Amino acid sequence: MSKILVTGGLGYIGSHTVVELDKAGYTPIIIDNLSNSSTKNIIGIEQIIQKKLKWYNIDCKKEDALNQVLLKEGNIHGAIHFAAYKSVEESIKYPKKYHDNNIGSLEVLLNCMRKNNIKNIIFSSSCTVYGNPESLPVDENTPFKKAESPYSETKQICENILKRDSCNSVILRYFNPIGCHNSGLIGDYSNNKPTNLVPIITETAIGKRDNVTIFGDNYNTPDGTCIRDYIHVVDLAQSHTKALNYLIKNKGKHVFNIGTGKGVSVKEIINAFIKANNIKINYSIGKKRSGDIEKIWANCNLANKKLNWKAKKSINQSMIDAWKWEQHKNNHVI
Ligand code: WQD
């Protein structure tokens with residue numbers, strides 16, 4: 001079974017992708033330095049796939065260590081590069097940390113891939129590369145706007161590095177990943193306190209917070225709150241195995257939006273959680289959050305057509321799964 005290197009494979013999206021790689025008949029080789037993840041995800045993945053996994057506790061920026069793994073494993077067919085810091089808010093506080101890590105790790109990985117004749121890479125990018133779009137939905141030809149955060153800037157720079165590199169690549173521009181595997185056994189163990197909407201809702205539901213603050217309700221949207229394209233993380237994970245299958249047959253450079261194609265507002269997400277789980281969520285209206293864009297959702301026709309991939313799970317299912325994860329993470333009986 002083709003070996004696939006998965007950097008950041010114990011993270012939120014990485015762990016879900018490892019499950020899908022196994023299901024698709026690939027052999028994932030995980031690299032993760034646990035800087036923003038947990039070995040608890042190894043236990044969860046192995047319970048789901050019912051087999052032992054190979055993982056190396058190394059930092060992707062350490063070229064010798066990464067090269068040793070590639071030499072030792074041999075016959076690696078491709079790499080999926082998740083290893084990066086992902087908090088928009090934190091990147092504003094520590095721009096250099098984000099540049100060194102997110103750009104440095106990709107450069108080291110590409111060097112090691114060249115040395116070991118690995119030609120295929122799937123790269124984890126983000127809809128934040130579009131900035132505040134003028135027209136919606138955004139498609140892959142929508143030009144980059146000025147990055148709204150150092151996080152987004154690192155994704156723009158990494159995409160340009162890949163365009164110039166000699167490898168075959170698929171860049172996947174994620175919209176807003178939410179939810180978790182229906183077992184509730186794997187999920188986001190990020191070290192920093194969540195800043196994303198859905199984990200803040202589930203922390204409110206479990207009593208870790210008193211309420212959700214909606215950052216502004218006077219945007220130019222139907223209910224005044226910001227609109228995003230929220231995609232179930234399992235749908236997102238499955239786009240990676242489809243992208244791998246596609247890249248093996250279609251060498252060169254490819255970019256795909258990975259979303260649902262539907263915009264959903266903050267208030268709609270809160271109400272969807274309440275309805276799906278029959279749990280009251282208190283919320284208040286606060287000031288707008290700097291860096292927030294008003295609305296964005298994806299045109300995913302290219303991924304639908306070329307990758308034969310389409311998001312299938314509903315917002316309702318995502319809310320049920322997100323709540324399951326919050327309870328599992330806090331050792332609540334599910
Ligand atoms: C969503 C909406 C907030 C918290 C994320 C990731 C980024 C990228 C894109 C992949 C916004 C509002 C939030 C709260 C709120 N994904 N909100 N109260 O900012 O779209 O970015 O998706 O790369 O990595 O960070 O997601 O969940 O932070 O915010 O009102 O307590 O919810 O204003 O409109 P965002 P988010």
Side-chain angles (χ1 to χ4, degrees), residues 4-24 26-62 65-66 69 80-87 89-90 101 105 124 174 176-209 231-238 240-241 273 277 313 317-334:
I4 301 294
L5 187 80
V6 186
T7 71
L10 295 185
Y12 174 42
I13 303 171
S15 56
H16 285 86
T17 302
V18 165
V19 169
E20 296 305 323
L21 284 169
D22 176 71
K23 265 168 63 178
Y26 291 102
T27 303
I29 308 290
I30 295 174
I31 304 277
D32 201 304
N33 67 352
L34 299 177
S35 65
N36 205 21
S37 57
S38 163
T39 50
K40 289 178 189 166
N41 267 343
I42 274 266
I43 298 163
I45 297 169
E46 290 181 344
Q47 264 184 276
I48 294 167
I49 66 174
Q50 286 299 296
K51 63 180 79 152
K52 298 303 274 176
L53 272 172
K54 246 190 202 175
W55 78 285
Y56 295 87
N57 182 350
I58 62 164
D59 181 333
C60 282
K61 297 191 297 299
K62 303 277 183 252
L66 183 56
V69 170
I80 305 182
H81 185 46
F82 291 107
Y85 297 140
K86 62 170 184 172
S87 165
E89 198 167 280
E90 188 191 34
N101 186 62
S105 59
S124 158
Y174 308 157
N176 289 51
I178 57 172
C180 75
H181 188 269
N182 61 16
S183 64
L185 293 171
I186 53 176
D188 194 347
Y189 282 108
S190 296
N191 302 333
N192 22 37
K193 271 172 75 65
T195 58
N196 294 138
L197 177 62
V198 172
I200 283 171
I201 292 172
T202 57
E203 284 197 347
T204 305
I206 209 160
K208 288 170 102 172
R209 294 168 185 258
I231 176 170
H232 195 292
V233 68
V234 170
D235 282 331
L236 174 58
Q238 289 173 352
H240 293 76
T241 48
F273 181 88
N277 298 297
K313 291 180 184 290
Q317 188 58 52
S318 299
M319 295 299 107
I320 290 168
D321 294 339
W323 177 227
K324 207 182 273 188
W325 169 244
E326 187 67 49
Q327 296 171 90
H328 171 81
K329 209 169 49 169
N330 293 280
N331 305 316
H332 281 219
V333 176
I334 296 179

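The model shown is predicted, which means the values in this text are computed figures rather than measured ones.
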Below 30° counts as parallel, above 60° as perpendicular, anything between as tilted: where do the rings of His16 and His181 land?
tilted
How are the rings of His240 and Phe82 set relative to one another: parallel (under 30°), tilted (30 to 60°) or perpendicular (over 60°)?
tilted
How close do Gly9 and Ile30 get, counting heavy atoms only, and between which atoms?
CA-CG2, 3.8 Å
Counting C-beta onward and ignoring hydrogens, is there a side-chain heavy-atom pair between Gln238 and Lys23 closer than 4.5 Å?
yes
When rounded to the nearest 0.5 angstrom, what distance separates CG in Asn277 from CD in Gln327?
8.0 Å
Distance col, row Asn196:CG vs Ile201:CD1, nearest 0.5 angstrom, shows 11.0 Å
Once rounded to the nearest 0.5 Å, what's the spacing between atom OG1 of Thr195 and atom CD1 of Ile200?
6.0 Å
Distance-minimising heavy-atom pair for Pro194 and Glu203:
CG-OE2, 3.4 Å
Please test Ile45 against Asp22 for side chain to side chain contact (heavy atoms under 4.5 Å, CB included), starting from the C-alpha separation and ending with a verdict.
CA-CA 10 Å; Ile45 297 169; Asp22 176 71; over 6 Å; no
For the residue pair Lys61 / Asn101, report whether a side-chain donor-acceptor contact shorter than 3.5 Å exists.
yes
On a heavy-atom basis, the closest approach of Trp323 and Thr202 is CZ3-O, 3.8 Å
Cys180 vs His328, side chain to side chain contact (heavy atoms under 4.5 Å, CB included): CA-CA, chis, key distance, verdict
CA-CA 11 Å; Cys180 75; His328 171 81; over 6 Å; no
Decide yes or no on side chain to side chain contact (heavy atoms under 4.5 Å, CB included) for Asp59 and Ser35, but give the supporting numbers first.
CA-CA 9 Å; Asp59 181 333; Ser35 65; over 6 Å; no
Closest non-hydrogen contact found for Ile178 with Val198 is CG2-CG2, 3.4 Å
Flag the pair Ser124 / Lys86 as yes when at least one side-chain heavy-atom distance between them is below 4.5 Å, and no otherwise.
no
Minimum heavy-atom separation for Ala237 and Glu20, please, with both atom names.
CB-CG, 3.7 Å
Looking at every non-hydrogen atom in both residues, tell me the closest pair between Pro28 and Val18 and how far apart they are.
CG-CG1, 3.8 Å
Rounded distance (nearest 0.5 Å) linking atom CD1 of Ile186 with atom CG of Asn41
6.0 Å
Between the side chains of Thr7 and His81, does any donor sit under 3.5 Å from an acceptor?
yes
Rounded to the nearest 0.5 Å, what separates atom OH in Tyr189 from atom CG in Leu34?
12.5 Å
Atom CG of Leu185 and atom CD1 of Ile48: how far apart are they, to the nearest 0.5 Å?
5.0 Å
Is there a donor in the side chain of Asn33 and an acceptor in the side chain of Lys62, or the other way round, less than 3.5 Å apart?
no
Consider only side-chain N and O atoms of Asp32 and Ser37, and report whether a donor and an acceptor are under 3.5 Å apart.
yes
Chi angles and distances behind the side chain to side chain contact (heavy atoms under 4.5 Å, CB included) call for Asn192, Asn36
CA-CA 8 Å; Asn192 22 37; Asn36 205 21; 3.9 Å; yes
